[in-house]
Protein chains: 2
Amino acid sequence: MPNRPNPFAKTRRDHADETAEDYVEAIADIEIASGSCRVKDLAERMQVSHVTVTRILSRLADGGLVAREPYGPVGLTPRGLEMAAASRTRHEIVVAFLERIGVSNATAEHDAEGMEHHASKETLAAMRRFLSRAEDVRPG
Amino acid sequence: MPNRPNPFAKTRRDHADETAEDYVEAIADIEIASGSCRVKDLAERMQVSHVTVTRILSRLADGGLVAREPYGPVGLTPRGLEMAAASRTRHEIVVAFLERIGVSNATAEHDAEGMEHHASKETLAAMRRFLSRAEDVRPG
DNA sequence: TACACTTTGTAGCATATGCTACATTCCCGA
DNA sequence: TCGGGAATGTAGCATATGCTACAAAGTGTA
Ligand SMILES: [Mn+2]
Ligand SMILES: [Mn+2]
Ligand SMILES: [Mn+2]
Ligand SMILES: [Mn+2]
């Protein structure tokens, strides 16, 4: 029953997972880019206050996705790492797909940030198929 | 500046418009399907309690999108009608597009309900182009 | 007409996510 | 080492969206 029979309820469920997915993905990104992730880095990335970040990180820590100690850097648990990897993969598929149908990179990044959370496995599979076919047809 | 320079902020803005867009679209749908739209119809459609619907309708009425009187049916103002038409058009484009890349109708309807709010003009234009081309290529 | 059922409204609670203002801690350079 | 700026934490407020429980209004049928 991945798709219970109401689109609006499904969208609400997608949104309930969205913050966790975006934050763990951002944490992984920032760790890779600059060695360690701080509250401040996330606040800048998300364009919210550090207060909002701190509260959300507490919840993610309670949920076993994030490792936190006061005034320390932000880390990911094994589960957080897993979710980050999956989120990044999905993000990349959606961005690549949008670009392939002719959307500019900037817009693709903007739209994908929201759309990615609503793309079901079936839709992601369709996007992947489309990308593969396009690669088959065009050389390089 | 339709795209201010942060994907997460853009996604939050998309979400801020989402409820209004979905509700006016639903109201228009229900009016067409059954002659008049009641609180109860919306609660069923959205799969939420009638309390949630009532509160949201009050806000939409304050915003000049919805016409309300106590215990009466739910109507749309001219602005509400406009928004409903635009929302429906966009919804149909996204659904048709997903189906065209091979997603089943049920999944397309589910995913589109969330994705539609994040599809920028540029992305919608790309989807439209894709649909037109596909129509050119395949007969019928 | 009267009563029962349905529908809508209201009170009050909960969670998630924003914010500013202020307190505390950390860290680096003098 | 210490003093000040940067980073983080906390208090308290706001909005949006969910809910249940109860109250009030509307509707149809006996
Ligand atoms: Mn995202
Ligand atoms: Mn969304
Ligand atoms: Mn929608
Ligand atoms: Mn819709």
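FYI, side chains are in, hydrogens and waters are out, and symmetry mates aren't considered; it's all heavy atoms of this structure. Predicted model only: the values in this text are computed from it and were never measured. Naming: A, B, ... by sequence-line order, numbering from 1 per chain.
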Between B:V53 and A:F8, is there a shared hydrophobic cluster once you connect ILVMFWY residues whose side-chain heavy atoms come closer than 4.5 Å?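 Yes: a chain of side-chain contacts under 4.5 Å links B:V53 to A:F8.
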
Whole angstroms only, please: what is the [atom1]-[atom2] distance between [X] and [N]?
X	N	atom1	atom2	result
A:L42	D:dG9	CG	C1'	16 Å
B:R12	C:dG18	CZ	C1'	8 Å
A:E44	D:dA6	CD	C1'	12 Å
A:D62	C:dA16	CG	P	10 Å
A:E69	D:dA7	CD	P	18 Å
B:L57	D:dA16	CG	P	14 Å
B:D22	D:dA16	CG	P	16 Å
A:F8	D:dG18	CZ	P	11 Å

Below 4.0 angstrom from OP1 or OP2 of C:dG9, is there any side-chain N or O of B:R68? yes

Would you indicate, yes or no, if D:dT8 has its OP1 or OP2 atom less than 4.0 angstrom from a side-chain nitrogen or oxygen of A:T54? no

Is there side-chain contact between B:D22 and B:M46, with heavy atoms separated by less than 4.5 Å?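 They are in contact (side-chain heavy atoms under 4.5 Å apart), so the answer is yes.
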
Using the ring centroid of each side chain, check whether A:H15 and A:H118 are separated by less than 6.0 Å. yes

Between the base of C:dT8 and the ring of B:H50 - centre-to-centre under 5.5 Å, planes within under 30° - is that a stack? yes

Go nucleotide by nucleotide along DNA chain C from the 5' end; which of A:A20 and A:P70 gets its closest nucleotide reached first? A:A20

Identify, between A:R38 and A:A16, the residue whose nearest nucleotide on DNA chain C lies closer to the 5' end. A:A16

I'd like to know if A:D14 and A:K10 make a salt bridge, using a cut-off of under 4.0 Å between side-chain N and carboxylate O.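 Between A:K10 and A:D14 there is a salt bridge, with a charged N closer than 4.0 Å to a carboxylate O.
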
Does the base of D:dG18 carry an N or O that pairs as donor and acceptor with the side chain of B:R55 under 3.5 Å?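 Present.
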
For B:Y71 and for A:G72, locate the closest nucleotide of DNA chain D by heavy-atom distance; then report the residue assigned to the nucleotide nearer the 5' terminus. A:G72

Taking side-chain hydrogen bond (donor to acceptor under 3.5 Å, both in side chains) as the criterion, tell me which of B:E21, B:E109, B:H117 meets it with B:H91. B:E109

What's the closest nucleotide to the side chain of B:V39 if the choices are D:dT8, C:dG18, C:dT8?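 Selected nucleotide (nearest to the side chain): C:dT8.
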
Nearest to side-chain heavy atoms of A:T52, which nucleotide of C:dC19, D:dG18, C:dG9: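 Minimum distance to the A:T52 side chain belongs to C:dC19.
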
